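Take a look at the structure set out below.
Since this is a predicted model, take the numbers as computed values, not measurements. Nothing fancy with the numbering, it's 1 onward along the sequence.
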Amino acid sequence: MNFIFISPNFPANYWEFCAGLKANGVNVLGIADAPYDALSYELKESLTEYYRVESLENYEQVYRAVAFFAHKYGFIDWIESNNEYWLRQDARLRRQFGVTTGIQGDHINDIMEKSSQKRLYEQAGIPTARQLALVAGKEAAWDFVKRIGYPVIVKPDRGVGAAHTFKVSNDDELRDFLDNDPNYQDYVMEQFISGNIRSYDAIINSKGEPIFESMAMFPPSIMDIVNNNDELTYCIAKEVPEALRELGRKTVKAFGITRRFVHMEFFCLTRDHAELGKEGDFVALEVNVRPAGADTPDMMNYAHSTDVYKIWADMVAFDESRTPLGDKFFCAYASRRDMYQYVTSMDEIYRRYGQRIMMHTRMPDVLASAMGNEQIVARLNTLEEVEDFTNLVKTRK
């Protein structure tokens with residue numbers, strides 16, 4: 001099997017996908033714009049061959065790289081980046097080289113546009129907040145807030161994470177946005193939901209069935225963390241609640257997703273909602289057809305005593321998982337920002353948690369606004385331990 005991996009060097013942990021593929025006997029052919037000498041040793045060892053382009057943004061250069069590999073190795077079975085930024089380019093390359101194992105171009109808008117996602121949720125009967133695509137214009141925006149009231153959430157129709165996402169709480173703020181942002185029609189406006197964010201993370205086979213499932217528990221608003229420079233804390237749970245498992249699987253079917261790692265976000269309602277359900281019910285937020293960001297896949301490994309990179313590679317090579325799960329834990333993430341000073345030193349945190357600390361690293365600058373500058377990850381047994389750990393890390397002087 002010939003697998004072309006686009007940008008296997010970023011994020012840095014993606015070499016582990018390549019290592020899993022190699023372990024399964026797959027030819028892993030890398031394309032990126034980094035010098036070969038800049039690649040990690042682990043990535044070099046996982047690749048059959050590497051082709052450097054001047055820029056991954058230059059489609060013709062990437063096309064020629066794929067054509068070179070096809071000429072040298074024969075039919076290309078997979079073209080994949082596992083990266084939302086390259087979804088359209090991946091799909092275009094698949095179409096031009098006859099690769100059928102990934103998302104095709106006619107399905108991209110359903111995945112990448114929040115307005116299209118909303119339509120699919122509604123068609124499948126999956127509860128979700130009301131939304132207006134602001135391409136409808138200013139008058140429609142004012143009518144929308146008159147119907148549902150403030151606050152509302154405004155975010156890009158095509159966007160990743162919480163970037164450029166904010167809350168509008170009154171007429172003055174809405175007027176300021178509509179009158180002063182020349183690109184307001186590229187946004188959607190959504191009903192505000194009182195809830196905690198839970199993710200359904202899964203690896204899906206060719207039949208649209210999960211071969212691995214996990215849940216992450218996030219704070220109520222990643223948007224506030226980004227906008228207020230707060231510390232991010234979240235954790236991987238020991239188990240996936242059955243209600244979320246059912247809704248996640250239903251969403252996978254509704255979106256026609258196969259052969260992918262997915263990261264789907266839902267609200268867990270913190271109070272009854274007349275339209276959407278009771279406290280504790282799940283409401284759809286958005287779909288991402290990629291692994292969860294940063295080192296979250298590693299946290300899944302710690303929580304489930306497994307190797308999700310290898311499970312994904314098993315899906316590619318065998319359409320099933322051949323990698324076992326082990327003991328279950330909570331895996332907690334807590335961050336710090338360089339702009340603040342903290343009550344507890346890292347020496348004291350290590351003294352208290354010792355070998356339960358699984359990771360302690362700096363975050364790349366491109367991820368720091370959402371994730372913090374410094375991350376500390378621990379494997380714990382209870383939610384009470386998670387709360388104690390995250391409070392210890394993030395409490396400022």
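- The distance from atom CZ of Arg260 to atom CG of Asn288, rounded to the nearest 0.5 Å, is 10.5 Å.
- Note: Tyr14 and Phe17 meet the aromatic proximity criterion, with ring centroids under 6.0 Å apart.
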With side-chain contact (heavy atoms from CB on, under 4.5 Å) as the test, would you mind laying out the steps for Glu49 and Asn27 before giving the verdict?
CA-CA 8 Å; Glu49 190 168 349; Asn27 278 331; over 6 Å; no
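- Side-chain atoms of Asn2 and Asp77 form no donor-acceptor pair, as typed in the model, at a separation below 3.5 Å.
- Here the closest non-hydrogen pair linking Met215 and Pro241 is SD-CD, 3.3 Å.
- For Phe166 and Phe177, the ring centers are positioned less than 6.0 Å apart.
- Ring to ring, Trp312 and Phe3 are close: their centroids are under 6.0 angstrom apart.
- Salt-bridge annotation for Glu320 and Arg322: present, with a side-chain N of the basic residue lying under 4.0 Å from a carboxylate O of the acidic one.
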Let's go through Gln117 and Asp110 carefully: what are the C-alpha distance in whole Å and the side-chain angles of both, what is the deciding distance for side chain to side chain donor-acceptor pair (under 3.5 Å) to 0.1 Å, and is it a yes or a no?
CA-CA 6 Å; Gln117 290 185 15; Asp110 291 341; over 6 Å; no
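- The 12-atom threshold is exceeded at CD of Glu348, counting heavy atoms of other residues, nucleotides or ligands nearer than 6.0 Å.
- In the model, His360 has a side-chain atom that pairs as donor or acceptor with a side-chain atom of Glu374 under 3.5 Å.
- Residues Lys310 and Asp314 are paired through a salt bridge, judged by an N-O separation under 4.0 Å between the basic side chain and the carboxylate.
- When the shell of 6.0 Å around CD of Gln341 is examined, it contains 12 or fewer heavy atoms from other residues, nucleotides or ligands.
- A side-chain donor from one of Tyr309 and Asn13 sits under 3.5 Å from a side-chain acceptor of the other.
- The number of heavy-atom neighbours closer than 6.0 Å to CD of Glu54, taken from other residues, nucleotides and ligands shown, is 12 or below.
- Between Tyr150 and Glu173, the side chains place no donor N or O within less than 3.5 Å of an acceptor N or O (distance only, hydrogens not considered).
- Side-chain N/O atoms of Asp327 and Ser305 include no donor and acceptor closer than 3.5 Å.
- A donor-acceptor contact under 3.5 angstrom links the side chains of Tyr85 and Glu57, judged on distance only.
- Under 4.0 Å is where a charged nitrogen must lie from a carboxylate oxygen, and between Asp319 and Arg259 no such pair does.
- Between Asp230 and Arg337 no salt bridge is recorded (no basic side-chain N to carboxylate O distance below 4.0 Å).
- For the residue pair Tyr59 / Gln96, a side-chain donor-acceptor distance below 3.5 Å is found, with atom types taken as modelled.
- A donor-acceptor contact closer than 3.5 angstrom is absent between the side chains of Ser214 and Asp201.
- The six-membered or imidazole ring of Phe267 lies away from that of Phe282, with a centre-to-centre distance of 6.0 Å or more.
- Between Thr165 and Pro156 there is a side-chain heavy-atom pair separated by less than 4.5 Å.
- When every heavy atom of Lys138 is checked against every heavy atom of Asp179, the shortest pair comes out as NZ-OD1, 3.4 Å.
- Remark: Arg95 does not engage Asp106 in a salt bridge, criterion side-chain N to carboxylate O under 4.0 Å.
- Under a 4.0 Å N-O distance rule, the pair Glu213/Arg249 qualifies as a salt bridge.
- Ring-centre distance between Phe68 and Tyr51: below the 6.0 Å cut-off.
- We find that Lys118 and Glu113 are not joined by a salt bridge, their nearest charged nitrogen and carboxylate oxygen being 4.0 Å or further apart.
- If you run side-chain contact (heavy atoms from CB on, under 4.5 Å) between Asp172 and each of Asp176, Asn170, Leu174, only Asn170 comes through.
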Just do the side chain to side chain donor-acceptor pair (under 3.5 Å) check on Thr306 and Asn301 with the steps written out, would you?
CA-CA 5 Å; Thr306 191; Asn301 288 344; 5.5 Å; no
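- Between Asp281 and Lys278, none of the side-chain N atoms (NZ, or NE/NH1/NH2) sits under 4.0 Å from a carboxylate O, so this pair counts as no salt bridge.
- At a threshold of 4.0 Å, the pair Glu231-Arg396 counts as salt-bridged, since one of the basic side-chain nitrogens sits closer than that to a carboxylate oxygen.
- Side-chain atoms of Tyr234 and Thr296 include a donor-acceptor pair closer than 3.5 Å.
- Contact annotation: the side chain of Glu190 never approaches that of Thr128 to less than 4.5 Å [non-hydrogen atoms, C-beta and beyond].
- Residues Val188 and Lys155 meet the side-chain proximity criterion, which asks for heavy atoms closer than 4.5 Å.
- Between Gln191 and Val283, every side-chain heavy-atom pair lies at or beyond the 4.5 Å cut-off.
- Gln375 and Ser335 are not linked by any side-chain donor-acceptor pair at a separation below 3.5 angstrom, with hydrogens and angles left out of the test.
- Closest approach of Ile376 and Met346 over heavy atoms only: CG1-CE, 3.9 Å.
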Checking side-chain contact (heavy atoms from CB on, under 4.5 Å) for the pair Arg352/Phe389: CA distance, chi angles, key distance, verdict?
CA-CA 9 Å; Arg352 294 196 194 186; Phe389 168 74; over 6 Å; no
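- Shown here is Glu242, whose CD atom has more than 12 heavy atoms of other residues, nucleotides or ligands within 6.0 Å.
- Phe329 carries Arg379 over the face of its six-membered ring, with the cationic atom under 6.0 Å from the centre and within 45° of the normal.
- For Tyr41, the OH atom sits in a loose shell: 12 or fewer heavy atoms of surrounding residues, nucleotides or ligands are nearer than 6.0 Å.
- A cation-pi arrangement is not found for Lys397 relative to Tyr340, the charged atom failing to lie both closer than 6.0 Å to the ring centre and inside a 45° cone about the ring normal.
- Heavy atoms of other residues, nucleotides or ligands lying less than 6.0 angstrom from CG of Asn228 number more than 12.
- Between Tyr121 and Phe255, the distance from one ring center to the other falls under 6.0 angstrom.
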